[in-house]
Amino acid sequence: MLFRFIKYAFGQLIRGPLAYWLWLALLGCGIVFGGWHYYGQLRDGLIVTNMSDQVAWGFYISNFTFLVGVAAAAVMLAIPAYIFDRRDIKDVVLMGDTMAVTAVIMAMLFIMVDLGRPDRIWHLIPGIGRFHFPASMLAWDVVVLSGYLMLNLGISFYILYNHFQDKQPVVSRYFPFVILAIFWAISIHTVTAFLYSSNPGRPYWHTALLAPRFIASAFASGPALMIIGFQIIKRVIGYPISKSVISLLAIIIAFALQVTLFFIGTEIFTEFYNEGAHAASFRYLYFGLDGATALQPWIWTSLIMLVIATLILMIHRLRNNMFLLNVACVLTIIGVWIEKGMGLVIPGSVPTPLGEILEYLPNATEVSISIGIWCIGFLVFTLLAKAAAPIECKMLENRHFSKEELI
Amino acid sequence: MSRKPSDSHIDHYRRRFLKGLGGAVAAAATPGTARAAWGGNTLADTFADLFQDHYQRMTPEEIADTLARIERKAKRRYGTNITCKNTPPQDGVVYGYALNISKCRGYRECVSACMLENNLSRDMRYIQVLEMDNGSLNFEKADRYYDHRTVPAKGKYYLPIQCMHCDDAPCVKACPVEATWTEPDGIVVVDYDWCIGCRYCMIACPYEARHFNWGKPDLTAGEINPDTHFLGNRPRPTGVVEKCHFCIQRTRENRQPACQEACPTGARIFGNILDPNSEIRYVLENKAVFRLKEDLGTEPKFWYFHDN
């Protein structure tokens, strides 16, 4: 039976219209492009990037941070589906898990390309290597991310495999894992926040508000990606998506964005009311410091995007307009990508702990390698969705949706 | 505060700029030596490199093999005969450093002595000397790219900063693979062959004491100090982090660190803080000493003091 399942899934992957193959070819080109640049980085060292001793973490770690948030946001489907037993959400929960799996894989790849010695990655394996657990927060991050990947793959496979056999998965068998995965999802982004906030030498990050800010913004960007992704799946594969799913996600984004903006506001107040050395990175980010202003356009773009998205989502009439909702989602995704990417990582090193200001923006190599990883992400998601969606669609055939229910 | 490094400080971004102009052509023109099969290594050495165990887990035989291999590699890479030791820590010794800021004139003799002694890539400095405004300890007003040919400048004082060898070092805690640790004599060391190059220790360090080999270390054969230690100044590979190790190759043989010997004003006092008769103990007990960023709780073993 398992063999039939694998054969079926594989069969799905090699059958598709021309557009499918063109899409794969396009992603393939992107991956080769990124891979070529990565080869150069492997050969010459990270000197080919714009990073330096002063700004030792850059664009790769920025993307990593954003993607961990996307992965964590799958919980925004898991909770309504399994805790509140929402049937409509259960119908799409596997697609949310697929996105989480993809995001975790991408996050891990961004760590990989950031390593100076990827050939020594085995040093992280407990036993053969020396895994500094539980002292190192980075070791924690490895544990929570790989654990989250396993959990999501395991749960998704169990449900999908049952659906493939036209059986209903036994709730008591996978429910404990679902509960674990819900807590685990919160933990991945919390631990990632602790990675930064545990450094007293970096005042910009050293705040207890960092983890809450991470969670709040993730619950905006993740569901925003889902809304866009679900519409694409609906259009390309014909996967039935209920309107109620979209409206629930839109409400979640609206709340999460309001909390995000509130958190940003409280931090700005605390830093600037009695401004000290602690606020230097904030000043650099928002207003520029000593003539260095590279990140100013980024963060203000992000803030304006987030405010517009929040306004659209708060007003019922605007939110219920599908076009405007999509606009709000795109603004949210880009806004959080800046805010939880460059806006979070770079000011931690500007100024440096000894007060030097050396600005950082990614160079062409870093952008190219990152494009390669994003293409790998799109490829992984495409293939996983392509294999899984028909099984789910078949399962949903006997659900008899009315036309008004669906988007 | 200046973003323009002076001539003597060709730092990372400047080197990248130069590389962009001519480096790529030069690299392409000399493919033979640098990029021979196995990077100019024998197959056996390449495999031994790849599977080399953590320093603290190696048997004495494995360590001996590894040291010999390091010497062979240095010979192949730089044509220089080096000796690589692993002198152990001494009992009853914990090193500490005290620096007299009223004596320091900012000549940067310590900086260059350190570079030569420790086989640093020529664009790397373990010691940053900050030119500070009198009456202020504000790092943001500090200038690390001052011209040391015109020191001491009026209204300025000088604050050399290097690894503080914290007793509760945040970098050691941060490392996900235990590639860095505190030795029994208090020296925070790095196993360059175990580091995966994630640079989390650099993020964790409040003193910018850790440096990364972004490219191939810029080191030429004639300039290599052949007296090396596994945990110290042996030639480093690309893609790993390194830092001041209190000149472990010297101090474990009861010599002073290179920066201490080089200082023309006698501002630096290094010794065993467990020895009640040592000079450093005298300073710690009788002078008004302070430590940088003591409030972070990392317990640095590097003190500053004033004559008065």
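Just so it is clear: chains get the letters A, B, ... in the order the sequence lines come, proteins before strands, and each one is counted from 1.
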For Met108(A), does the CE atom sit with more than 12 other heavy atoms under 6.0 Å from it, leaving out its own atoms? yes
Indicate the atoms forming the closest heavy-atom contact of Ser136(A) with Cys175(B), along with that distance. CB-O, 3.4 Å
Donor-acceptor under 3.5 Å (Trp57(A) side chain, Cys198(B) main chain): yes
Say whether, by atom type as modelled, one donor and one acceptor occur between the side chain of Tyr200(B) and the main chain of Leu195(A) under 3.5 angstrom. yes
Atom OH of Tyr39(A): over 12 foreign heavy atoms under 6.0 Å: no
Using a 4.5 angstrom heavy-atom cutoff, name the option from Pro237(B), Pro176(B), Pro206(B), Cys195(B) with the most pairs to chain A. Pro176(B)
Out of curiosity, Glu356(A) CD to Gln128(B) CD, how far, rounded to the nearest 0.5 Å? 8.0 Å
Classify the ring geometry of Trp194(B) against Trp122(A): parallel below 30°, tilted from 30° to 60°, perpendicular beyond 60°. perpendicular
Would you mind reporting whether Phe131(A) and Val177(B) have side-chain heavy atoms less than 4.5 Å apart? no
Looking only at heavy atoms, the pair that brings Leu354(A) and Glu208(B) closest together is N-OE2, 2.8 Å
Of the backbone (N, CA, C, O) and the side chain (C-beta and beyond), which part of Pro351(A) lies under 4.5 Å from a heavy atom of chain B, both, or neither? side chain
Mark yes when over 12 heavy atoms from residues, nucleotides or ligands other than Lys156(B) sit less than 6.0 Å from its NZ; otherwise mark no. yes
I'd like to know if the side chain of Lys293(B) and the backbone of Pro353(A) have a donor-acceptor N/O pair within less than 3.5 Å. yes
Nearest 0.5 Å, what's the NE2-CD distance between His123(A) and Gln52(B)? 8.5 Å
If one checks every heavy atom of His211(B) against chain A at 4.5 Å, the contacting part turns out to be both
Just how far is it from atom CG of Asp191(B) to atom CZ of Arg130(A), taken to the nearest 0.5 Å? 9.5 Å
Is Arg117(A) reaching over with its side chain to a backbone N or O of Asp193(B), donor-acceptor style, under 3.5 angstrom? no
Heavy-atom pair count under 4.5 Å with chain B, highest-scoring of Gly129(A), Ser198(A), Ala139(A), Pro118(A): Gly129(A)
If I measure from the heavy atoms of chain A, does Ile161(B) come under 4.5 Å with its side chain, its backbone, both, or neither? side chain
Rounded to the nearest 0.5 angstrom, the CG-CG distance for Asn213(B) and Asp53(A) is 8.5 Å
Give a yes or no on whether a salt bridge exists between Arg199(B) and Asp114(A), defined as a side-chain N under 4.0 angstrom from a carboxylate O. yes
Between Asp295(B), Ile196(B), Val240(B), Thr298(B), which shows the greatest number of heavy-atom pairs under 4.5 Å with chain A? Ile196(B)
Do you know which two heavy atoms are closest between Arg57(B) and Gly127(A), and how far apart they sit? NH1-O, 3.5 Å
Restricting to non-hydrogen atoms, name the atom on Tyr145(B) and the atom on Gln54(A) that form the minimum distance, rounded to 0.1 Å. OH-NE2, 3.3 Å
Smallest separation among heavy atoms of Glu140(B) and Ala277(A), with atom names: OE2-O, 4.1 Å
Rounded to the nearest 0.5 Å, what separates atom CD1 in Ile203(B) from atom CH2 in Trp205(A)? 4.5 Å
Is Ala204(B) in contact with chain A via its backbone, its side chain, both, or neither, using a 4.5 Å heavy-atom distance? both
